[in-house]
Asker: 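Structure below; questions to follow.
Quick note: numbers below take in every heavy atom, side chains included, and nothing from hydrogens, waters or symmetry partners. First the proteins, then the strands, lettered A, B, ... as listed; each starts at 1.
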Amino acid sequence: MDSKFEHKKIEEKILKRWEEGNYFHAERDPKKKPFTIVLPPPNASGKMHTGNVLMIAIEDLLIRWKRMQGYSALWLPGTDHAGFETQTTFERELRKKGKSRFDYDRNTLYSMIWNFVQENKGLIETQIRQMGASVDWSRYTFTLDNDAVDIVLSTFEKMEKEGLVYRDDYVVNYSFKWGTTFSDAEITFKERKDPLYYIKYGPLTVATVRPETKLGDTALAVNPKDKRYKNFVGKVIEFEDVTGPNSLKVIADSYVDPKFGTGVLKVTPAHDKNDFEIGIRHGLEVKNVISTDGRMSANAGKYADLKVLEARKQITEDLQALGSIEKIDESYEHLVPVDYRSEDYIEQLVLPNWFIKVDHPKKSLKKPALDVVKQKKLKIFPKWREITYTRWVENMHDWAISRQVVWGIRVPAWYKLDENPEITLAFLDDTGNFITGKAGELLKDYSLETIEKGLQTLYAPKSSKYVVSKTSPGTGYLQETDTFDTWFSSGQWPLVTLRYPNSEDYKYYYPTSVLETGWEIVTRWVSRMVMFGIYLTGDVPFHEVYLHGHIRAIDGKKMSKSLGNVINPEEYMEKYGVDALRMGLISGTANGKDFNFPRDKIIGYRNFANKIWNMTRFMLMMMEKEDITKYADLILPSKEAEKAMSKKDKEVLKGLEGLIKKVDKNLVKYRFADAGEDIYQFMWHEVADNYIEHVKNLEDKKVSLGVLHHVMTECLKLLHPFMPFVTEAIWQEIPRADSVDLAASPWPQA
RNA sequence: GGGGAAUUAGCUCAGUGGUUUAGAGCACUCGGUUUACAUCCGAGGGGUCGUAGGUUCAAAUCCUACAUUCCCCACCA
């Protein structure tokens, strides 16, 4: 053995050994109990970050521990298509070539992104492997694999059949220029100076920069704590409007800032996100006054078909004529949303989206998701995180599952164009020109084939007729261009990875044992998996949830590119080894709280790896001197050997027994850092500093070396799930009863 | 604005059901080349547990308020 433990020399060798042994492949065995974890799928085209490392370290620890305990331990790997994120990354690449997503039809863009992901997919997979993650690669799933997609589509079909799916309006960021929606992350805000109009609504006055949206007002709102307007709450205000006599109800909502303007807000649910939310809270009507073509809609009455800014001008003049404008603040500066590409104005519009009912009277998704937590069929660790889950699920309203991005699973709904002339289409014609308009008009000039081939987006009004089907229901149909929210598909991840509903794996391994992930996606991901799991199978998708904390940068701040404090885990793997990095991160998170990147601990555990390496060397050296060269030469602890044992021998054996108990106890409670710390303290300070120093000076070492051999091999087993590489490497050096590798060895019994 | 959490040694953090002298790692001081390991060994210094009250025989731990910090969600008509 080398005098130092050199991780770089052994990591690759050990990996090969494990793979040749096929230890990570789980066999369904009726005699064994299953233990299953699904790996939260990292972005397929991304690379390993510190959060992934921690996640893998914890899950591998659990899986190796249970595998050694004799469970059929299955760790299901996979990667996520990461819809929006990947599309954005890809578009950045396109921009470098002077192109954008608007230069391509939907299908071409999709296959370009597909190829991009395939080219970049290898990195994260290699890194998962290098981490020593004992995942079962034979059961690998990518979220866009055909059979994975098929399960997701079947779920949608089932939900549609059972009345859980509906289409409704939802506020989106819409660009008239590009004829498409933009996600929140694609929006930036630009500072602009606009006149702020103080408009009279009978006895009340409202400050707004957008008088034209008053046509879509369906209430006035004040803050419930605002004494000035207390008497108006609940009353209906009557006033003379530009369209004639009008009336609006006054509601109280804490969203309203009493300090802004007059403290009275006009609520326009159709054209403002916050107003939309207020509208939901108070059951207000959504009155759409602006269309996707950038003109006022039919609801705007005599202002219909005017462009937004023309309407603003006209309405302002009409208000002046009515004497309804109290004053105009010309120096008002505010931020307006613009698209990230051209900084062109973004309008908030309500457009039809696909929704899932979460509290359907017969098939509620929400209620059972809360019940299982209350009834402890699903346990959340650490316990104090539970409230995040329950509160969010309690307040959850219907879920908008459609997204206007290309990179994802397309909603399997089909519209017959000639039956839905009101559908808005955007496509590239045969010569690549961008065309947009209503289906009824466009079909006169373009063939369906041309439209389908060049199709970018399609907006079907709420009332459109559609057919849900995995494949085209016939000629004349166009498929919905919206894709599913990532969480709609990843919410079915435990079912997808186990190939619900007919596979043997599903029957044996479902429900899974533990779901381990970062706490920030409890609401978005965990809650959805619980909902889908119960909805489809009647049972929870996992019995326990463990939520780890976030790793902050060394300076205690959140890692971010702009601060330049992002830690690349590869650097630490390279420098200190995978084991040290894994163990260091695990020991940084004692109780699921956020923590700073524990560089000192990583170095400390690198030293520890070297320490146990040298303890082994020394033990072997002493054994050799005593002519103990094979397993059979050892006097191992037994009833008989006990008579010859000293107090020290018995003490260290007792210490080992206590350690095994402590480690098991802490692992059951997800107290990984404590378990790791216990092993560290025992091996270094009890075994090395105390016991080995004692044995060193003995005249007759035979009995004690047997004890030491036993203690060392048991400790290596305990440590293996934490630091798999160094323990396996040492294991190979020590004489043993059989040739079983450590990864396949049984867990110590106290 | 709504929600979650933190405040313990110079630094980073444990302290899980309320009880001896409040622990660990790093850093620091002193001393060590003994059959492995200087990525080592031995010894040591360092804390009125954020502040103020309260409950109790007993509080870092439970309760209340305040201060400071961090994070999540929603974000200004």
Asker: Distance between the P atoms of B/rG1 and B/rC66, in whole angstroms?
Answerer: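 It comes out at 14 Å once rounded to the nearest Å.
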Asker: Which whole-number value in Å describes the distance from A/Arg385 CZ to B/rC73 C1'?
Answerer: 14 Å
Asker: Tell me which nucleotide among B/rA74, B/rG4, B/rA5 gets nearest to the side chain of A/Lys593.
Answerer: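 Nearest listed nucleotide: B/rA5.
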Asker: Is the phosphate of B/rC76 approached by A/Arg210 (side-chain N or O, under 4.0 Å from OP1 or OP2)?
Answerer: no
Asker: For A/Ile521 and B/rC72, give me the distance from atom CD1 to atom P, rounded to whole Å.
Answerer: 14 Å
Asker: Is A/Arg599 close enough to B/rC13 that one of its side-chain N or O atoms is under 4.0 Å from OP1 or OP2 there?
Answerer: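 For B/rC13, neither OP1 nor OP2 has a side-chain N or O of A/Arg599 closer than 4.0 Å.
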Asker: Is there a ring pair (Phe, Tyr, Trp, His ring centres under 6.0 Å) between A/Tyr605 and A/Tyr680? Walk through the geometry before answering.
Answerer: CA-CA 9 Å; A/Tyr605 282 111; A/Tyr680 175 93; 5.3 Å; yes
Asker: Centre of A/Phe595's six-membered ring, under 6.0 Å away, within 45 degrees of the axis: is that where NZ or CZ of A/Lys601 sits?
Answerer: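 Relative to the ring axis of A/Phe595, which defines the angle, A/Lys601 lies outside at least one limit.
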Asker: Between A/Arg312 and A/Val308, is there a donor-acceptor pair closer than 3.5 Å when you use the side chain of the first and the backbone of the second?
Answerer: no
Asker: Mind checking whether A/Tyr546 and A/Phe672 have ring centres under 6.0 Å apart?
Answerer: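 Centroid separation for A/Tyr546 and A/Phe672: below 6.0 Å.
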Asker: Could you tell me whether A/Lys669 contacts a base, only the sugar-phosphate backbone, or nothing, with contacts defined as non-hydrogen atoms closer than 4.0 Å?
Answerer: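 Base, at least one base heavy atom under 4.0 Å.
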Asker: Between protein and nucleotides 34-41 of chain B, map the contacts as a letter string: B base, S sugar-phosphate only, - none, heavy atoms under 4.0 Å, written 5' to 3'.
Answerer: -BBB-BSS
Asker: Taking only the P atom of each, what is the distance from B/rG2 to B/rU20 in whole angstrom?
Answerer: 41 Å
Asker: Taking atom NZ of A/Lys200 as the centre, does the number of heavy atoms from other residues, nucleotides or ligands within less than 6.0 Å exceed 12?
Answerer: yes
Asker: Does B/rC13 have OP1 or OP2 under 4.0 Å away from a side-chain N or O of A/Asn596?
Answerer: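 The answer is yes; a side-chain N or O of A/Asn596 sits under 4.0 Å from OP1 or OP2.
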Asker: How is A/Trp613 classified with respect to the nucleic acid when contacts are heavy atoms under 4.0 Å: base, sugar-phosphate, or nothing?
Answerer: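 It contacts nothing in the nucleic acid.
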Asker: Between B/rU51 and B/rG4, how far apart are the P atoms? Round to whole Å, please.
Answerer: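 Their P atoms lie roughly 25 Å apart.
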Asker: Decide if atom CD of A/Glu394 counts as having more than 12 heavy atoms of other residues, nucleotides or ligands within a radius under 6.0 Å.
Answerer: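 Enclosed.
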Asker: What's the closest nucleotide to the side chain of A/Lys601 if the choices are B/rC13, B/rG4, B/rA24?
Answerer: B/rC13
Asker: Can you identify which nucleotide, out of B/rA77, B/rC26, B/rU16, has its nearest atom closest to the A/Arg671 side chain?
Answerer: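 So the nucleotide nearest the side chain must be B/rU16.
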Asker: Expected output check: what is the dot-bracket annotation of RNA chain B, where ( ) and [ ] are pairs inside the strand (brackets for crossing ones), | is paired with another strand, and pairs are Watson-Crick or G-U under 3.5 Å?
Answerer: (((((((..((((.........)))).(((((.......))))).....(((((.......))))))))))))....
Asker: Do other residues, nucleotides or ligands put more than 12 heavy atoms under 6.0 Å from the NZ atom of A/Lys249?
Answerer: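 At most 12 heavy atoms, drawn from other residues, nucleotides or ligands, come within 6.0 Å of this atom.
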Asker: Looking at A/Thr205, is its backbone amide N or carbonyl O close enough to the side chain of A/Thr262 to form a donor-acceptor pair, meaning the two atoms are under 3.5 Å apart?
Answerer: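 Side chain of A/Thr262 to backbone of A/Thr205: a pair is present.
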Asker: Between B/rA22 and B/rU68, how far is it from one P atom to the other, in whole Å?
Answerer: 32 Å
Asker: Taking A/Arg606's backbone N and O only, do any of them form a donor-acceptor pair with A/Asn610's side chain (distance below 3.5 Å, no angle check)?
Answerer: no
Asker: Is A/Asn274 touching bases, backbone alone, or none of the nucleic acid, heavy atoms closer than 4.0 Å?
Answerer: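 Sugar-phosphate, backbone atoms only, no base.
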Asker: Round to a whole Å and report the spacing from CZ of A/Phe595 to P of B/rU8.
Answerer: 19 Å
